[in-house]
Amino acid sequence: MLEASFSDVLQTILIILLVYFAFKMLIKWFGPLILKYFLRKMGKRFEEQFRQQQGPTSQKKEGKVSIDKKPKGKRNSNKNVGEYIDYEEID
(Lines give C-alpha, C1' and ligand atoms only; values in the text may rest on other atoms or scores of the structure.)
Protein backbone atom coordinates (compact mmCIF):
# COMPACT_ATOMS: atom_id res chain seq x y z
CA MET A 1 0.00 0.00 0.00
CA LEU A 2 1.29 3.45 -0.86
CA GLU A 3 1.33 6.24 1.65
CA ALA A 4 1.26 9.90 0.69
CA SER A 5 3.47 12.25 2.59
CA PHE A 6 2.21 15.52 3.93
CA SER A 7 4.17 17.51 1.34
CA ASP A 8 2.65 15.47 -1.54
CA VAL A 9 -0.88 16.09 -0.28
CA LEU A 10 -0.15 19.77 0.20
CA GLN A 11 1.36 20.00 -3.27
CA THR A 12 -1.70 18.33 -4.82
CA ILE A 13 -4.08 20.70 -3.02
CA LEU A 14 -2.04 23.72 -4.12
CA ILE A 15 -2.04 22.55 -7.77
CA ILE A 16 -5.81 22.07 -7.67
CA LEU A 17 -6.30 25.55 -6.18
CA LEU A 18 -3.92 27.08 -8.73
CA VAL A 19 -5.80 25.48 -11.63
CA TYR A 20 -9.13 26.58 -10.16
CA PHE A 21 -8.12 30.22 -9.72
CA ALA A 22 -6.37 30.33 -13.12
CA PHE A 23 -9.52 29.01 -14.79
CA LYS A 24 -11.62 31.53 -12.87
CA MET A 25 -9.41 34.43 -14.01
CA LEU A 26 -9.39 33.27 -17.63
CA ILE A 27 -13.17 33.09 -17.66
CA LYS A 28 -13.32 36.56 -16.10
CA TRP A 29 -11.08 38.03 -18.81
CA PHE A 30 -12.13 36.07 -21.87
CA GLY A 31 -15.73 35.22 -20.94
CA PRO A 32 -17.22 38.52 -22.18
CA LEU A 33 -15.29 38.26 -25.44
CA ILE A 34 -16.52 34.74 -26.06
CA LEU A 35 -20.07 35.78 -25.18
CA LYS A 36 -19.95 38.76 -27.57
CA TYR A 37 -18.69 36.50 -30.35
CA PHE A 38 -21.54 34.01 -29.91
CA LEU A 39 -24.17 36.76 -29.58
CA ARG A 40 -23.01 38.39 -32.82
CA LYS A 41 -23.06 35.03 -34.56
CA MET A 42 -26.59 34.29 -33.31
CA GLY A 43 -27.76 37.80 -34.25
CA LYS A 44 -26.51 37.37 -37.80
CA ARG A 45 -28.22 33.99 -38.02
CA PHE A 46 -31.55 35.42 -36.78
CA GLU A 47 -31.26 38.38 -39.16
CA GLU A 48 -30.61 36.01 -42.06
CA GLN A 49 -33.62 33.89 -41.16
CA PHE A 50 -35.79 37.01 -40.89
CA ARG A 51 -34.71 38.16 -44.34
CA GLN A 52 -35.47 34.74 -45.79
CA GLN A 53 -38.97 34.79 -44.29
CA GLN A 54 -39.69 38.29 -45.57
CA GLY A 55 -38.65 37.48 -49.12
CA PRO A 56 -39.86 39.79 -51.90
CA THR A 57 -42.86 41.09 -49.89
CA SER A 58 -40.59 43.35 -47.85
CA GLN A 59 -39.89 45.53 -50.91
CA LYS A 60 -43.35 47.09 -51.14
CA LYS A 61 -43.79 50.71 -52.05
CA GLU A 62 -44.34 53.14 -49.24
CA GLY A 63 -47.98 53.95 -48.62
CA LYS A 64 -49.28 50.86 -50.41
CA VAL A 65 -51.66 48.74 -48.33
CA SER A 66 -52.25 45.07 -48.97
CA ILE A 67 -54.28 42.52 -47.05
CA ASP A 68 -52.89 39.02 -47.23
CA LYS A 69 -55.69 37.22 -45.43
CA LYS A 70 -59.34 38.13 -45.45
CA PRO A 71 -61.02 37.60 -42.08
CA LYS A 72 -63.75 34.99 -41.94
CA GLY A 73 -67.28 36.29 -41.86
CA LYS A 74 -69.52 35.21 -39.03
CA ARG A 75 -68.35 32.96 -36.23
CA ASN A 76 -70.37 29.84 -35.68
CA SER A 77 -71.61 29.48 -32.13
CA ASN A 78 -71.91 26.08 -30.54
CA LYS A 79 -75.57 25.44 -29.76
CA ASN A 80 -74.78 22.29 -27.77
CA VAL A 81 -73.18 24.22 -24.91
CA GLY A 82 -76.22 24.35 -22.73
CA GLU A 83 -79.07 26.55 -21.64
CA TYR A 84 -78.56 30.07 -20.26
CA ILE A 85 -80.13 30.56 -16.84
CA ASP A 86 -80.81 33.97 -15.30
CA TYR A 87 -79.93 34.28 -11.67
CA GLU A 88 -80.07 36.87 -8.93
CA GLU A 89 -77.39 37.46 -6.38
CA ILE A 90 -78.47 37.06 -2.80
CA ASP A 91 -76.75 39.25 -0.19
Side-chain angles (χ1 to χ4, degrees):
M1 177 184 242
L2 296 174
E3 291 184 19
S5 67
F6 180 71
S7 64
D8 290 340
V9 172
L10 186 61
Q11 184 179 5
T12 304
I13 291 173
L14 288 175
I15 290 173
I16 290 172
L17 287 174
L18 180 67
V19 169
Y20 171 73
F21 284 115
F23 181 73
K24 194 174 176 181
M25 288 182 72
L26 285 174
I27 292 297
K28 192 177 200 178
W29 289 338
F30 295 112
L33 297 175
I34 294 170
L35 186 62
K36 282 182 188 178
Y37 170 75
F38 283 115
L39 287 177
R40 282 186 195 143
K41 193 173 181 181
M42 291 298 290
K44 287 180 183 177
R45 189 179 299 163
F46 285 135
E47 185 177 328
E48 189 175 300
Q49 286 178 353
F50 180 73
R51 286 184 183 158
Q52 285 178 356
Q53 286 179 353
Q54 291 298 316
T57 59
S58 65
Q59 299 174 354
K60 292 180 182 179
K61 293 182 179 179
E62 187 177 337
K64 183 173 178 161
V65 177
S66 64
I67 300 174
D68 295 334
K69 183 178 176 184
K70 189 174 183 181
K72 292 183 179 180
K74 187 177 175 184
R75 286 188 172 177
N76 296 335
S77 64
N78 191 355
K79 298 292 182 181
N80 297 330
V81 172
E83 181 180 344
Y84 179 75
I85 299 174
D86 264 344
Y87 68 94
E88 291 184 20
E89 289 186 22
I90 300 175
D91 291 327

With E47 via side chain to side chain donor-acceptor pair (under 3.5 Å) - residues at least two apart: R51
Counterpart residues, side-chain contact (heavy atoms from CB on, under 4.5 Å), relative to K28 (two or more places apart): none
Can I get a per-line list of side-chain donor-acceptor pairs under 3.5 Å for residues 6-21, giving both atom names and the distance, sequence neighbours left out?
residue	atom	partner	partner atom	Å
S7	OG	S5	OG	3.2
D8	OD2	S5	OG	3.2
T12	OG1	D8	O	2.8

Co-members of L35 in a cluster of I, L, V, M, F, W and Y side chains, linked at under 4.5 Å: L39
F23: partners by side-chain contact (heavy atoms from CB on, under 4.5 Å), with sequence neighbours left out: I27
For M25, all residues meeting side-chain contact (heavy atoms from CB on, under 4.5 Å), sequence neighbours excluded: W29
Identified side chain to side chain contact (heavy atoms under 4.5 Å, CB included) counterpart of E48 within the set K44, Q52, R45: Q52
